[in-house]
Structure formats: structure tokens, C-alpha cells
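Here the structure comes first, spelled out in C-alpha cells, and everything after it is commentary.
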Amino acid sequence: MRIAHVITGLHVGGAERMLYRLLSGMRREEFEHEVISLTDMGPIGEKIQDLGIRVRCLGMNRKAPNPIALYQLRSLLKKWKPRVVQTWMMHSDLLGGLAAFLGGRFPVVWGVHQTVDYKLVDWRSRVTAQCCTRLASKIPTKIVCCSEASISTCAALGYPRSKMVLIPNGFDLGTLYRDVDGARAVRNELHLSENAPIVGLVARFHPQKDHKTFFQASELLLRRIPEVHFVLCGDGVTLGQPTLHEMVASSSSPASFHLLGRRDDIRSIVSAFTVATLSSMTEAFPLSIGEAMCCETPCAATDVGDVPRIIGKTGRVVSAGNALQLSQAWFDLLKMSSAKRRDLGRAARERIGHHFSLSSVVSQYETLYGQVGAG
């Protein structure tokens, strides 16, 4: 069965990484895949190519969508004749859905991997969301939402509930585990001792991630635990970013902050954390929290998206935008005995394995494609 995956781009992000994980886990003897990026290749595209899967890039400008890209996409789909067109994220839902409809009315599965907060997105995203709402009853056969929060958001926008299916993000416990040697290497790189307390944040620099609240909470924690360190990584998270540079410089202890930019050794990074955190104002299903839990690192995160359902009783969940609550959650976890934190970490890994294993998620997608493609 041929499956065409249409995605806006293939740089490092939650939906992009989930696409890679899905492709790496699906049965090659039953499914043939092709990935079409509306923009460029990116590091995830290169990893997908390493799986032996063809990746095509249309070179569309993110800030100035070109109707020619829609024509190119329609032509590619019409020539390859997929049984199912799976789109990933809102912009590719719109363009991929239209191209599939115009190219041969191929069955379409939309993928929703975000929650839409009009206060935190630009006008292009607002217009795209409005267009998707109008087409949701006509274009997709099914709409896969990665979180219950996404389902609620889509329903509020006007998407038909009858088409929505919940398939969460999944994690491979065989490749995500507590990496003692990797953690030691990261701490050595940062010149931090084995026992130095670290609060870590894996998130790109974006208003939705609310680094401002993170830094406010860090300042509160430094007053109580002066020896704590903060490790941040993700696209754009460097001292070269003016806003982050100012936040670090204005801290009472600039040397306590380590900004690493994008990292590919996430297992080692989160294994080095004493506590993993998330300060976001909005999310759907954040991979960074699940990855930390796989690596037995307790988490303290904001109550956004499906975070409470992911963490359960294995960590702390606080109100978004509340620096005092976030700082207190970090303090509580850091002041636990190391044995208690280890117990929480093990419980977190078990929870991921029970509720969000990659094998289960892959099976759900395979079943869905079989149903949609047979229709």
C-alpha cells in the first residue's frame, strides 16, 4: 500500500520526529512510503532518506506560499497514485488535502499535532486554520489528533468530531533509556559534577515555549538552591539569540545557565538532567516530556495539552505562566531523596511503556491506513 506523507518541512520538531519514528517502525513488506516536504530537506529529511525512503522537496517559501507548489504537489500525487495521503500539521493539511483532491481525489488523513491559540500564532496560521475548518467536512476521510487537547481544539474550531481519531505520539523504549555514560559525558562537557542539580528544558525558542516564565522561575529557585544549574537546548536556544542573551545576562547568576542550541544526543542530554521541565503556554503532546520520562528523569511541566495525562503521578504539573508554581515544583523534586527521584523516574518510564509505546502507535496507524485505503 502506497502512503504519501505531506509535511510543511523536515527540521527538528515534534511532528517531524514523530513522522520519522512512524516510518522507522512500519512494516516495509506491506507499506511503501514517500515523503513530500513543502519547503526543504532539513535534518529529519536526511534521517528519513537513510531509511531508504524517498524524500521530495518543493522549495516553497514559508513566508510567501506559492500556488505553483500546489500544482507541483498535485502532479506528484497524480503520478505516484498513493492509496492514502497523510498530511502532517495544519499548513500541509490544507495544501496536501487540496492537492490530493485535485490530483485524483485520493483518500486523505489529516494530522493535527498542535493546539491553535490565535494569540500565539501569526496571521498566516490564523487564515490557514480558518480554511481548514471550512474544508474539514469535505477533504479528509479521517483526522488524526495526537492528543485529547487537539481534539477539543479542533471541535471548537468546527472540525467534525465523527472524523477525528486519537493516536498519541509514541516512544521506542529500546532506543530511549537512562544513559549513564551519556549523562556523564554531558556533565563533563559542561564542567558540572555528577551531583550538581540540573533543571533542563528541551524546547525551541518560540513564544509558545514561554522562556520568560522559565527564567523568572529560575531566578526564584536560585535564591533557595544557589548551586542549581539550568541546561537549555533546542533550535534558536543560544546566547546569539538577543532575548535569551538578555535573560541570561540579567540573571543573578549568569554562569548557572548553559544554552546548547539544537542537540541530536537527546538521550544523553535528558539523562543528565536531575529534573526535566516544560514552561510552555500551549502544547498538544510534547515529545520532550515523554523522552525525559523514558530516560527515567522526573518532570515538572505546565498544565497544557495532554501533559497531565502523560505525566500522571510521576512528576509535577503546574499552571501555565506561573513562575512561582514552576519554581516550587522544581524545588520539591530537587529536595527529594535521590532514591525517591529514582522511584519516580522508573514509574515514569513504566507509564510511557504502558500508555505510549511506539509499537502500539505504529499498529494504530497501520490499521487506520488499511481502513482508509480500502475504502
Side-chain angles (χ1 to χ4, degrees), residues 3-9 13-16 18-19 22 36 38 65 70 73-74 77 82-103 105-170 208 280-287 303-310 356 361 364-375:
I3 313 293
H5 299 269
V6 181
I7 191 164
T8 306
E16 295 84 351
M18 191 57 228
L19 169 59
L22 177 65
I36 304 172
L38 299 179
L70 178 61
L73 181 56
R74 181 193 71 87
L77 295 176
R83 290 276 291 278
V84 177
V85 176
Q86 167 76 69
T87 59
W88 295 73
M89 302 284 282
M90 188 168 53
H91 295 82
S92 56
D93 288 344
L94 176 60
L95 292 181
L98 286 172
F101 181 80
L102 296 172
R105 302 202 175 190
F106 303 110
V108 174
V109 177
W110 276 3
V112 179
H113 294 263
Q114 75 281 335
T115 56
V116 179
D117 186 336
Y118 282 153
K119 299 188 296 294
L120 297 174
V121 298
D122 60 22
W123 67 269
R124 296 180 186 85
S125 295
R126 289 195 292 270
V127 171
T128 301
Q130 292 164 357
C131 292
C132 285
T133 297
R134 295 188 178 190
L135 295 173
S137 62
K138 302 177 180 66
I139 296 290
T141 302
K142 290 291 183 181
I143 302 170
V144 172
C145 297
C146 73
S147 67
E148 293 178 353
S150 296
I151 290 179
S152 298
T153 298
C154 289
L157 289 173
Y159 286 31
R161 276 190 175 271
S162 60
K163 291 189 175 186
M164 288 189 267
V165 179
L166 174 63
I167 304 181
N169 290 335
Q208 294 178 357
S280 298
M281 295 296 293
T282 180
E283 291 280 356
F285 190 118
L287 286 180
D303 184 5
V304 292
D306 277 18
V307 165
R309 186 167 73 96
I310 300 167
F356 308 111
V361 168
Q364 292 176 67
Y365 271 102
E366 288 181 341
T367 299
L368 178 64
Y369 293 155
Q371 294 170 346
V372 172

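All values below come from the heavy atoms of this structure, side chains included, with hydrogens, waters and symmetry mates left out.
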Please examine the side chains of [Y] and [X], heavy atoms only from C-beta on, and report whether any two atoms are closer than 4.5 Å.
| X | Y | value |
| --- | --- | --- |
| Tyr365 | Val144 | yes |
| Leu73 | Ile36 | yes |
| Ser137 | Tyr159 | no |
| Leu368 | Ile167 | yes |

Indicate the atoms forming the closest heavy-atom contact of [X] with [Y], along with that distance.
| X | Y | value |
| --- | --- | --- |
| His91 | Thr128 | CD2-OG1, 3.5 Å |
| Cys154 | Met164 | CB-SD, 3.6 Å |
| Ser92 | Met89 | OG-O, 3.0 Å |
| Leu94 | Cys132 | CB-SG, 3.9 Å |
| Val361 | Pro168 | CG2-O, 3.3 Å |
| Leu77 | Pro82 | O-CD, 3.4 Å |

Any chance you could measure [X], atom [atom1], to [Y], atom [atom2], to the nearest 0.5 Å?
| X | Y | atom1 | atom2 | value |
| --- | --- | --- | --- | --- |
| Gln371 | Lys142 | CD | NZ | 7.5 Å |
| Ile139 | Cys131 | CD1 | SG | 11.5 Å |
| Ile143 | Ile151 | CD1 | CD1 | 10.0 Å |
| Leu95 | Met90 | CG | CE | 11.5 Å |
| Arg134 | Leu157 | CZ | CG | 13.0 Å |

Within the 3.5 Å criterion, strictly below it, is a donor on [X] or [Y] matched to an acceptor on the partner's side chain?
| X | Y | answer |
| --- | --- | --- |
| Trp88 | His113 | no |
| Thr282 | Thr115 | yes |
| Ser280 | Glu283 | yes |
| Gln86 | Tyr369 | yes |
| Ser150 | Ser147 | yes |

For the pair Lys163 (side chain) and Pro140 (backbone), establish whether a donor and an acceptor sit closer than 3.5 Å, ignoring hydrogens and angles. yes

So does Pro286 get a backbone contact from the side chain of Asn169, meaning a donor-acceptor N/O pair under 3.5 Å? no

What residue among Val108, Asp93, Val85 forms side-chain contact (heavy atoms from CB on, under 4.5 Å) with Val6? Val85

In terms of the angle between their ring planes, are Phe285 and Phe356 parallel, tilted or perpendicular, with boundaries placed at 30° and 60°? perpendicular

Pair Phe101 and Phe106, ring centroids less than 6.0 Å apart: no

Residue pair Leu98, Leu70: steps toward the side chain to side chain contact (heavy atoms under 4.5 Å, CB included) verdict: CA-CA 8 Å; Leu98 286 172; Leu70 178 61; 4.1 Å; yes

